[in-house]
There are 2 protein chains.
Amino acid sequence: MSFSPLIQSLISALRCLPGVGPKSAARMVFHLLERDRDGGRQLSRVLEEAISKIGHCNTCRTLCETPMCRLCESPSRDRSLLCVVESPADVLAIEQTGGFKGLYFVLMGHLSPIDGIGPEDIGIDYFRGRLEEREVKEVILATNHTVEGEATAYYLSELIKSLDIFVTRIAHGVPMGGQLEYIDGGTLAKALSARSPI
Amino acid sequence: MSFSPLIQSLISALRCLPGVGPKSAARMVFHLLERDRDGGRQLSRVLEEAISKIGHCNTCRTLCETPMCRLCESPSRDRSLLCVVESPADVLAIEQTGGFKGLYFVLMGHLSPIDGIGPEDIGIDYFRGRLEEREVKEVILATNHTVEGEATAYYLSELIKSLDIFVTRIAHGVPMGGQLEYIDGGTLAKALSARSPI
């Protein structure tokens with residue numbers, strides 16, 4: 001015994017969402033069917049529209065429904081500064097700090113030979129093309145501080161240097177509010193070796 | 001700065017799902033757009049279909065896409081035993097125990113005067129009609145053990161007794177594996193007052 005076939009299909013379909021298991025999918029189904037059919041219809045419509053319309057920005061590769069995203073189009077950004085991130089969510093995180101006025105390049109992933117993700121999958125040709133326009137004077141590598149993110153940053157830094165462009169990496173160390181006794185050893189070692197004079 | 005308008009609408013639309021806040025909605029959007037567009041299309045389709053087709057079983061009021069649900073149609077169930085529950089998920093929970101062979105009546109909620117939910121909203125007319133067919137010999141009240149669930153059970157028990165039908169309430173007490181020192185006072189008091197000879 002289980003739910004009716006259509007309820008069961010909806011539960012399975014909801015499980016394509018990250019972090020949604022069978023119990024929470026069932027809870028979502030009952031919530032939508034019992035209390036929010038309008039919300040569910042709206043979700044179905046917007047989801048269909050988003051999936052068919054959203055592609056990548058021709059310039060920075062972030063996700064957007066127009067050929068060029070709002071940041072790349074903006075006349076007020078500093079075009080000599082290019083920040084490389086792994087995902088559109090990273091762009092938002094950096095924008096929310098309000099401290100960066102350059103442009104972005106979104107890799108939409110990171111190098112991961114074990115998963116078959118090579119340089120062409122992270123848009124290396126677009127990236128090289130962008131640098132070869134010679135507008136960018138500094139590239140800031142802001143890939144994640146993970147094994148793959150570091151490897152990607154290293155790979156990109158070699159390419160950028162070969163084009164004679166200044167390249168930097170965002171700082172890694174103890175986060176704000178971080179208490180030394182609770183920080184993992186790797187971060188602490190990094191913070192020590194990357195110490196700066198005060 | 002935020003995401004593009006369409007991404008932003010999809011994030012808002014996903015928030016109609018229970019337990020989904022802005023961060024997890026954004027995570028879902030990127031997951032769907034970057035890695036699982038097929039899953040997203042499928043979800044949009046099934047959701048639309050489910051919302052337009054799923055209604056209530058004519059007999060037990062559970063959610064299903066056919067006029068009568070599979071349980072009510074089944075010839076192997078004991079039609080003299082009727083279990084009253086608050087939601088379709090409760091039906092599944094009881095079915096999974098494998099210990100109940102009767103039929104169900106799903107209130108699709110509970111009495112809650114403060115939220116304006118009265119007897120007609122929990123299908124009291126259907127319920128009375130069902131009992132007046134005189135097929136049911138015992139009604140088991142399995143509403144939740146909450147203030148509203150108890151009030152609903154009390155209200156229904158009065159109605160059922162007035163029709164001269166045997167009515168029972170599922171047992172409440174210490175759950176399996178429950179250690180006395182960690183059980184709340186209300187449950188423990190209930191378990192003591194409802195003690196049975198061994």
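- The interface of residues 73-88 of chain B with chain A, defined by heavy-atom distances below 4.5 Å, comprises B:Pro88.
- When each of B:Ser52, B:Cys16, B:Ser9, B:Gly109 is scored by its heavy-atom pairs under 4.5 Å with chain A, the top score falls to B:Cys16.
- Residue pairs meeting the salt bridge (charged side-chain N to carboxylate O under 4.0 Å, His left out) criterion with at least one partner in residues 135-156 of chain B, sequence neighbours excluded, are B:Glu150-B:Arg169.
- Residue B:Ala26: no heavy atom, backbone or side chain, is found under 4.5 Å from chain A.
- B:Leu32 touches chain A through its side chain: at least one heavy atom from C-beta onward sits under 4.5 Å away, while N, CA, C and O do not.
- The backbone N or O of A:Cys64 sits nowhere less than 3.5 Å from a side-chain atom of B:Ser4 that would complete a donor-acceptor pair.
- For A:His31, the side chain to side chain contact (heavy atoms under 4.5 Å, CB included) test picks out A:Arg35, A:Asp36, B:Pro18, with sequence neighbours left out.
- Listed by chain and number, the residues in a salt bridge (Lys or Arg N to Asp or Glu O under 4.0 Å) with B:Glu48 amount to none (sequence neighbours excluded).
- The heavy-atom pair separating B:Arg37 from A:Ile54 by the smallest distance is NH1-O, 2.8 Å.
- Residue contact with chain B, scored on non-hydrogen atoms closer than 4.5 Å, involves the side chain of A:Val20 exclusively.
- A distance-only check finds a donor-acceptor pair linking the side chain of A:Arg70 to the backbone of B:Phe3 [under 3.5 Å].
- Contacts between B:Met108 and chain A at a heavy-atom distance below 4.5 Å involve the side chain alone, from C-beta outward.
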